[in-house]
Amino acid sequence: MFDFENLGLLIFFFQDQNITFGGTAAPCAYLSLMSIGKLGVAENKKHSKAIMDEMEKSLGVSPTRMYIYFQDAKASEVGFNKSTFDGLL
């Protein structure tokens, strides 16, 4: 689904949360996708479709009941191994 290298993809999934979306408690999702690069208008549309297709197929959550927040971070803003990704990528 994604073209990330070795350290590139980390997923947290919390189920059984009390969330109201559009005034109802029907199944819904809020996703946050942070990446160092590899995000932009075209990429985000591609990621959005792939993620929402999988969420709908696997969990039965309608794409009309999901938001995805895309954050394109600078390498110097993401800590790793007692430093940052600045200079590692």
How would you list, by chain and number, every residue that makes a side-chain hydrogen bond (donor to acceptor under 3.5 Å, both in side chains) with D72, sequence neighbours excluded?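 D72: no side-chain hydrogen bond (donor to acceptor under 3.5 Å, both in side chains) contacts found.
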
Does S83 have any side-chain hydrogen bond (donor to acceptor under 3.5 Å, both in side chains) partners at least two apart in sequence or in another chain, and if so, which?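 For S83 there are no side-chain hydrogen bond (donor to acceptor under 3.5 Å, both in side chains) partners, ignoring immediate neighbours.
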
Taking every non-hydrogen atom, the tightest pair across [X] and [Y]:
{"X": "S62", "Y": "T64", "answer": "OG-OG1, 2.7 Å"}
{"X": "E56", "Y": "M66", "answer": "N-CE, 4.3 Å"}
{"X": "T84", "Y": "A75", "answer": "CB-O, 3.7 Å"}
{"X": "R65", "Y": "A25", "answer": "NH2-C, 4.3 Å"}

Can you get from V61 to Y30 by hopping between Ile, Leu, Val, Met, Phe, Trp and Tyr side chains that sit under 4.5 Å apart?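 Different hydrophobic clusters.
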
Return the CD to CD distance between E77 and Q71, rounded to the nearest 0.5 Å.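 Rounded to the nearest 0.5 Å, the CD-CD separation comes out at 7.5 Å.
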
Atom pair CD (E54) and CD1 (I51), whose distance is rounded to the nearest 0.5 Å: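 Separation between the atoms: 10.0 Å.
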
Hey, are the side chains of [X] and [Y] touching, using non-hydrogen atoms and a 4.5 Å cut-off?
{"X": "L59", "Y": "Q15", "result": "no"}
{"X": "F21", "Y": "Y67", "result": "yes"}
{"X": "L31", "Y": "M52", "result": "no"}

Just say parallel, tilted or perpendicular for the rings of F85 and F80, cut-offs at 30° and 60°.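 Judged by the thresholds at 30° and 60°, the geometry between F85 and F80 is parallel.
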
Quick one, L39 with L33, criterion side-chain contact (heavy atoms from CB on, under 4.5 Å). Give me CA distance, side-chain angles, the key distance, then yes/no. CA-CA 9 Å; L39 294 180; L33 193 155; 3.7 Å; yes

